[in-house]
Each structure stands twice: as C-alpha cells, then as structure tokens.
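One structure is given below, encoded as structure tokens.
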Amino acid sequence: MRRKNTQSISDILKEVFEENPLLQRKLAETRLLAAWPEILGKSVAQYTNTLYISKEVLYVSLSSAVLRTELSLCREMLIEKLNKSAGLKVISNIVFTA
C-alpha cells in the first residue's frame with residue numbers, strides 16, 4: 001500500500017532545520033569543530049588540546065607557544081575558512097590559549 005503524501009527524509013530534515021534555527025546553529029558549530037583538523041592539518045591538530053565555541057568565540061588550547069603565535073597572525077583568514085566550512089557565520093573571533 002503506497003501513501004500519496006510521502007516525503008523523503010532529506011526534505012523532512014530540511015524543514016525541521018528551517019523551523020529551528022538553534023538546531024541549525026548547533027549543527028553548524030559541530031561542522032566547524034570537525035573542520036579544524038581538516039583545514040589546519042594533522043600537525044596542528046596534534047598540538048590542539050581543547051576546542052570549543054562559546055558566544056561566537058572559538059577557544060583553542062594549544063600546547064605549542066610558537067604555533068599559538070603563528071595562528072594568531074592569521075586569525076582573520078582562519079575565521080573566514082572555518083565559517084565557510086560550517087555553512088554559516090558561527091564564530092566572529094578566535095582565542096588561542098596555553
């Protein structure tokens with residue numbers, strides 16, 4: 001027996017995300033955090049201890065002071081690339097800590 005008003009799962013999920021912007025934002029934050037090792041590479045990910053987002057700020061704890069300084073110099077480029085990989089503007093700043 002076939003139903004007449006069937007929808008694909010992707011259409012249903014799209015509707016759910018459109019109706020709930022908080023859910024859409026949380027998904028984008030998760031994509032951004034997952035993109036960190038992809039964008040910066042395995043060597044940088046190796047020195048990354050903690051990575052989290054709070055109030056549009058990405059907090060990155062690094063074990064290398066030299067790497068922390070170098071990443072600070074290209075902060076704006078990183079923000080742009082990470083937001084692009086997330087699909088929407090998730091972060092507006094990055095704070096590098098020890």
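Since the model is a prediction, treat every value here as computed from it, not as a measurement.
A distance of 4.5 Å separates CD1 in I53 from CG in L32, rounded to the nearest 0.5 Å. To the nearest 0.5 angstrom, L78 atom CG is 8.0 Å from I39 atom CD1.
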Ignoring hydrogens and angles, write down the donor-acceptor pairs under 3.5 Å from the side chains of residues 15-23, residues two or more places apart or on other chains.
unit_1 : atom_1 : unit_2 : atom_2 : d
E15    : OE2    : Q7     : NE2    : 2.9
N20    : OD1    : L22    : N      : 3.3
N20    : OD1    : L23    : N      : 3.3

Atom pairs and distances, side-chain donor-acceptor, residues 79-96, under 3.5 Å, sequence neighbours left out:
unit_1 : atom_1 : unit_2 : atom_2 : d
N83    : OD1    : V90    : N      : 2.9
N83    : OD1    : I91    : N      : 3.0
N83    : ND2    : I79    : O      : 3.3
N83    : ND2    : I91    : O      : 2.9
S85    : OG     : L82    : O      : 2.8
S92    : OG     : E56    : O      : 3.3

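Heavy-atom contacts from other residues, nucleotides or ligands closer than 6.0 Å to CG of L73 number more than 12.
One hydrophobic cluster, built from ILVMFWY side chains closer than 4.5 Å, cannot hold both L67 and Y59; they sit in different ones. Residues L27 and L51 fall into different hydrophobic clusters, defined by Ile, Leu, Val, Met, Phe, Trp and Tyr side chains chained together at heavy-atom separations under 4.5 Å. Under the 4.5 Å side-chain contact rule for hydrophobic residues, V57 and V60 do not share a cluster.
Between L40 and T48, the closest side-chain pair of non-hydrogen atoms is not below 4.5 Å. Contact of the V44 side chain with the L71 side chain is registered, since non-hydrogen atoms from C-beta on lie closer than 4.5 Å.
By the 4.5 Å side-chain criterion applied to Ile, Leu, Val, Met, Phe, Trp and Tyr, M77 is assigned to no cluster and stands alone.
What you find for R68 and S72 is that their closest heavy atoms are O-OG, 2.8 Å.
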